[in-house]
Novice: 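Next up is a structure, given as structure tokens.
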Amino acid sequence: MIDTGSPDARQDFYDRIVAATADTRYRPRRTVPGFDLTVDVPRSPLTARRVSQVHTYRVVLHPEDRRFSMTDIVRTVEYEAGLGGTRTSKTVSSGRNVYATWSRSLDGTERHSFSSAAGHRLIRGVARDLGWREIRPTGAKAALAAGLFGAAIALGTLIALAVVFLF
């Protein structure tokens, strides 16, 4: 029998993540509501600007009913030097980010690739093995509600226009 409300369920999930990410580029870090799984995204040195990107999978665990939510946080820093001086820009993206990158070394001997979906699969695989299920984070629920509200307004506008112009 599984004790769903015990703090051991949360620790077991984290321990499985640590074991699954051993000898990989992923770095797990315990947080109060769950854990963060961070990875440096490899970028090509063949461009005129230097880009540093870190992808964090923020996982919030709800052990009382064996549910979890996952949010992607992507931090990007770009440095560019040119005739006018240097330029630095920083961006942070939060939500569900699905993307892939490929790069290679200057001499072409080393190739690197990254897919954000791989981290999602890793976390969902551990969750599935332990009997956890994923729920949408609050931000995703709010975005869905806003989208549905906008769609309802657009539909109402189209119906009103159809009534005005057809009758």
Side-chain angles (χ1 to χ4, degrees), residues 1-21 24-43 51-78 87-102 113-167:
M1 184 170 139
I2 299 173
D3 181 12
T4 59
S6 74
D8 292 337
R10 183 182 300 223
Q11 185 63 42
D12 190 29
F13 197 119
Y14 180 71
D15 291 343
R16 295 271 186 111
I17 289 292
V18 170
T21 58
T24 67
R25 295 181 298 171
Y26 293 98
R27 299 179 311 274
R29 183 179 64 86
R30 194 86 161 97
T31 62
V32 173
F35 62 90
D36 286 350
L37 188 61
T38 304
V39 62
D40 294 323
V41 178
R43 290 299 194 167
V51 178
S52 170
Q53 189 171 48
V54 176
H55 191 111
T56 300
Y57 304 89
R58 178 151 298 154
V59 179
V60 176
L61 301 174
H62 305 279
E64 60 278 354
D65 48 2
R66 293 185 99 63
R67 295 180 308 149
F68 74 98
S69 64
M70 182 173 23
T71 304
D72 299 339
I73 301 169
V74 181
R75 291 178 176 84
T76 306
V77 179
E78 294 183 44
R87 181 181 69 91
T88 303
S89 67
K90 298 177 184 179
T91 58
V92 177
S93 170
S94 179
R96 185 55 50 97
N97 292 290
V98 179
Y99 62 97
T101 64
W102 296 268
S113 64
F114 172 79
S115 171
S116 62
H120 297 146
R121 281 192 300 273
L122 186 143
I123 293 167
R124 288 182 182 128
V126 168
R128 185 178 44 255
D129 292 346
L130 294 173
W132 291 63
R133 63 186 178 88
E134 184 176 5
I135 57 173
R136 286 192 178 122
T138 306
K141 291 177 186 176
L144 178 63
L148 291 174
F149 181 70
I153 289 175
L155 182 63
T157 303
L158 288 174
I159 292 172
L161 288 171
V163 168
V164 168
F165 287 115
L166 294 178
F167 297 108

Novice: Any chance you could measure Phe35, atom CZ, to Thr56, atom OG1, to the nearest 0.5 Å?
Specialist: 12.0 Å
Novice: Given side chains that start at C-beta, do those of Val54 and Val39 come closer than 4.5 Å, heavy atoms only?
Specialist: no
Novice: Is there a donor-acceptor contact under 3.5 Å from the side chain of Thr21 to the main chain of Thr24?
Specialist: no
Novice: Are Val60 and Met70 packed together at the side-chain level, in the sense that at least one heavy-atom pair is separated by less than 4.5 angstrom?
Specialist: no
Novice: How about Pro42 and Arg25: do any of their side-chain heavy atoms sit closer than 4.5 Å?
Specialist: yes
Novice: Kindly indicate whether the side chain of Leu61, heavy atoms from C-beta on, has any atom under 4.5 Å from the side chain of Val59.
Specialist: yes
Novice: Mind running side chain to side chain contact (heavy atoms under 4.5 Å, CB included) on Ile123 and Ile17 for me, showing each step along the way?
Specialist: CA-CA 7 Å; Ile123 293 167; Ile17 289 292; 4.2 Å; yes
Novice: What is the minimum heavy-atom distance between Arg10 and Val32, and which atoms define it?
Specialist: NH1-O, 2.9 Å
Novice: Just do the side chain to side chain contact (heavy atoms under 4.5 Å, CB included) check on Ile73 and Val92 with the steps written out, would you?
Specialist: CA-CA 7 Å; Ile73 301 169; Val92 177; 4.0 Å; yes
Novice: Indicate yes or no: at least one non-hydrogen side-chain atom of Arg96 is less than 4.5 angstrom from one of Thr71.
Specialist: no
Novice: To the nearest 0.5 Å, how far apart are CD in Glu78 and OG in Ser52?
Specialist: 10.0 Å
Novice: To the nearest 0.5 Å, what is the distance between CG (Asp12) and CH2 (Trp132)?
Specialist: 9.0 Å
Novice: Measure up the Tyr26 and Tyr57 rings against each other and bin them: parallel (under 30°), tilted (30 to 60°), perpendicular (over 60°).
Specialist: tilted
Novice: Looking at side-chain heavy atoms only, is the closest gap between Arg133 and Arg128 below 4.5 Å?
Specialist: no
Novice: What distance do His62 atom NE2 and Ser69 atom OG have between them, rounded to the nearest 0.5 Å?
Specialist: 4.5 Å
Novice: Charged N to carboxylate O below 4.0 Å: is that the case for Arg30 and Asp36?
Specialist: no
Novice: Listed by chain and number, what are the side-chain contact (heavy atoms from CB on, under 4.5 Å) partners of Asp15, not counting sequence neighbours?
Specialist: Gln11
Novice: Given side chains that start at C-beta, do those of His55 and Phe114 come closer than 4.5 Å, heavy atoms only?
Specialist: yes
Novice: Who are the side-chain contact (heavy atoms from CB on, under 4.5 Å) partners of Thr91, not counting sequence neighbours?
Specialist: Thr76
Novice: Given 3.5 Å as the limit, does a donor-acceptor pair link the side chain of Arg121 with the main chain of Ser116, or not?
Specialist: no
Novice: Please list, chain by chain and in numerical order, all residues satisfying side-chain hydrogen bond (donor to acceptor under 3.5 Å, both in side chains) with Arg124, sequence neighbours excluded.
Specialist: Glu134
Novice: So, taking the atom named CZ in Arg27 and the one named CG in Leu37, what distance separates them when rounded to the nearest 0.5 Å?
Specialist: 9.0 Å
Novice: Would you give the length of the straight line joining atom CG of Leu166 to atom CG of Leu161, rounded to the nearest 0.5 angstrom?
Specialist: 10.0 Å
Novice: If we only count heavy atoms from C-beta on, is the Gln53 to Asp40 side-chain gap below 4.5 Å?
Specialist: no
